[in-house]
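Every chain is numbered from 1 and lettered A, B, ... according to where its sequence line falls, protein lines coming before strand lines. Computed from a prediction, not measured in an experiment: that's the story for all the values here.
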Amino acid sequence: MRKEAVIPPLKVHNTLTGQKEIFEPLHPPFVGMYVCGPTVYNLPHIGNARPAIFFDVVKRYLAYLGYQVRYVRNITDVGHLLGDTNEGEDRISRQAKLQQLEPMEIVHLYTRKYHEVIDALNVQRPDIEPVASGHILEQIEWVQRIMDAGLAYEANGSVYFDVRRYNEKEHYGILSGRVLDELLENTRDLEGQSEKRYPADFAIWKNASPEHLMRWSSPWGNGFPGWHLECSVMSTKYLGEIFDIHGGGMDLMFPHHECEIAQSKAATDHNPVRYWLHNNMITINGAKMSKSAGNFITLEELFNGQNQVLERAYSPMTVRFFVLQAHYRSTLDFSNEALLAARKGYKRLINSLRLLQKLSYPASPGNLNPKLEEQIHGFCDNIHRGMNDDFNTAMVLGQLANLVKKINAFSLAPETLAEISPETFARMRDTFIHFTVDILGLGEEKVNENEGLIEGLLTLYAAAKAQKQYETVDKIREYFKSAGLIVKDLKNGVDWAYEE
RNA sequence: GGUAGCGUGGCCGAGUGGCUAGGCAGAGCUCUGCAAAAGCUCGUACAGCGGUUCGAAUCCGCUCGCUACCUCCA
């Protein structure tokens, strides 16, 4: 009998400590998880895809491990200030004026766009997707609580968090490794910020100027909530004052997540999050993506190829595969060459998945091949190991590729399956399918509902071939190709696959 | 300048103190009417410079480079 491999438990890299820690939920089997979602004021771009896909995999994996996950991802639909000035124009109302629309129209339009492309990436919807505008009352309550705690003050209808006061007892900068005094030294002198007592203070409620479109009444006058507050309020509302996982992009670490911690400490006296997870950023051809650099790619463009940076269109599953091919804490560089490689890798994986699903174990085992058995178990072990090691999806894909080789070989000669035990076969099949489909979320892109039609055509193909009618043979191949499929001539028959 | 992350073969991208990652591209072979698919074979890389060690790409230090953030640009 094979010695059971020891798979270490799930460890996650916690930004708060800078270390990989064993993941232990506060109230097993429940896991509470919050991820910062998009601000819905323009088209979703490739930078939005990474956190959406990665944290989707995190959620799927935790569920696979048997946890009961509540996944909350917000939609920011309350505009926040733009640029360096204090003139209260926010991004959503600016876009609204630009397009002559109501702010809520903008919000709904781009929320729909976000859902469309993120759905296409096979990202499961979060269990709760709260919107900031639906939680104004709760945010006002929090402002009051923070004021009651003596950690915020009002100035001209705005309320600011008193960072200096907070820092007397707590460490503002605990997450991002910053020290308040050092932050101060680097603070720029900005005009019009005189209503703050201290440059590092941040708004938790903002007075709305008369032309500001989005506004709510509050004890401090008409205004809108500060940028950081919504996440504190909505995460704790649905997950409790202390919850397990908070995710988001590295760019949000400071100040956004830092402020969340400060607000929660002030309002609830709790450090709200046990494990902070931050994904790294995406670059394009080595450079940062920005509108001014002209390399800004929306997901829609990626899917249809309508962007001059792109040599062709890349399917959502290709993009998903590509994102998962890198560890989430590494920067990920978009290039045509890399996407092309991901495209082939994905199709290879999926073709193998199809073959595996059709394989069945022979009537009885033959002479077992211990080396082969060990290899297959090794790959399966590594898949679990990789995933448990801070969600190393790149490792998982690499090991799945190893299994692809084995599966393809078995498929070519099914009788060789007798060289492994039924248990090994079952483990290979279950591991491959669970990790590919259920955890990494890499399904068949276009599920063929006309399998019968395809099989029929293949029969004609085989017949034509037997009669050496090569013109017909080539024609059938062309039909397949135009449908994105290929015909495979095997030793013992014909089959089809997705074109690579 | 500060903080955080990262620097691996032609490209992408994992990883461990000494034992094959993997994918893409390329070469050869098998198969084939021709192909494709698939299988097999082929690369000896780890930014640079020091140090620790019997031995480091893997640990430590420094340097260089890239990316993000540094107060209201999710």
Can a donor-acceptor pair be found between the side chains of [X] and [Y] at a distance below 3.5 Å?
X	Y	result
A:Tyr110	A:Asp77	no
A:Asp333	A:Thr283	yes
A:Gln469	A:Gln467	yes

- Gap separating the CZ atom of A:Arg50 from the CG atom of A:Asn280, nearest 0.5 angstrom: 6.0 Å

Rounding to a whole Å, what distance do you find between [X]:[atom1] and [N]:[atom2]?
X	N	atom1	atom2	result
A:Glu471	B:C34	CD	P	17 Å
A:Asn279	B:A74	CG	C1'	12 Å
A:Phe54	B:A74	CZ	P	21 Å
A:Tyr110	B:A74	OH	P	17 Å
A:Tyr172	B:G2	OH	P	20 Å
A:Leu16	B:U3	CG	P	18 Å
A:Asn14	B:G5	CG	C1'	15 Å
A:Met253	B:U71	CE	P	15 Å

- Message: Test: ring pair (Phe, Tyr, Trp, His ring centres under 6.0 Å). Region: residues 461-490 of chain A. Which pairs qualify, not counting sequence neighbours?
- Response: none

Can you tell which of [options] lies closest to the side chain of [X]?
X	options	result
A:Lys488	B:A37, B:A21, B:G39	B:A37
A:Asp474	B:G33, B:U71, B:A36	B:G33
A:Lys405	B:G39, B:U67, B:G33	B:G39
A:Tyr470	B:U67, B:G33, B:C72	B:G33
A:Met281	B:C34, B:U67, B:A4	B:U67
A:Ile486	B:A74, B:A4, B:A36	B:A36
A:Ala203	B:A37, B:C72, B:A35	B:C72
A:Thr76	B:U67, B:A4, B:A74	B:A74
A:Lys344	B:A36, B:U3, B:A25	B:A25
A:Lys206	B:C72, B:U71, B:U67	B:C72

- Considering only heavy atoms and no angle criterion, is a donor-acceptor pair shorter than 3.5 Å present between the side chain of A:Arg178 and the base of B:C69? yes

Distance, [atom1] atom - from [M] to [N], rounded to whole angstrom:
N	M	atom1	value
B:C62	B:A74	P	33 Å
B:U3	B:A47	P	23 Å
B:A45	B:G51	C1'	23 Å
B:C73	B:G15	P	33 Å
B:G18	B:A56	P	11 Å
B:U8	B:G23	C1'	15 Å
B:C60	B:C6	P	12 Å
B:G28	B:G43	C1'	14 Å

[X] side chain N/O closer than 4.0 Å to the phosphate oxygens (OP1, OP2) of [N]?
X	N	answer
A:Arg477	B:A35	no
A:Lys196	B:C72	no
A:Arg348	B:G39	yes
A:Asn408	B:G39	yes

Remember a base hit wins even if backbone is also touched, and classify [X] as base, sugar-phosphate or nothing at under 4.0 Å, heavy atoms.
X	value
A:Gly37	sugar-phosphate
A:Leu340	nothing
A:Val473	base
A:Val179	nothing
A:Asp489	base

- Item | NZ/NE/NH1/NH2 to OD/OE distance under 4.0 Å, A:Arg73 and A:Asp56 | no

- Item | Pair A:Glu445 + A:Arg354: basic N to acidic O under 4.0 Å | no

- Task: Would you mind telling me which residue lines up with the more 5' stretch of RNA chain B, A:Gly177 or A:Phe254, judged by nearest nucleotide?
- Result: A:Gly177

- Hey, which of these two, A:Cys231 or A:Phe321, hits RNA chain B nearer its 5' end, going by closest nucleotide? A:Phe321

Could you tell me which residues satisfy ring-ring contact (aromatic ring centres under 6.0 Å, His included) with [X], sequence neighbours excluded, listed by chain and number?
X	result
A:Phe55	none
A:Tyr172	none
A:His327	none

- Heavy atoms under 4.0 Å is the rule here; annotate nucleotides 11-17 of chain B 5' to 3' with B where the base is hit, S where only the sugar-phosphate is, and - elsewhere. SSSSS--

- Message: Against A:His384, only a single residue in A:Phe435, A:Phe379, A:Tyr61 fulfils ring pair (Phe, Tyr, Trp, His ring centres under 6.0 Å); can you say which?
- Response: A:Phe435

- Passing option when A:Leu397 is tested against A:Leu440, A:Ile383, A:Asn392 for side-chain contact (heavy atoms from CB on, under 4.5 Å): A:Leu440

- Minimum-distance pair of heavy atoms, taken over all atoms of A:Arg329 and A:His278: CG-O, 3.7 Å

- Item | Dot-bracket encoding of pairs in RNA chain B, which uses [ ] for pseudoknotted crossings and | for another strand, Watson-Crick or G-U under 3.5 angstrom | (((((((..(((.....[...))).(((((.......)))))....(((((..]....))))))))))))....

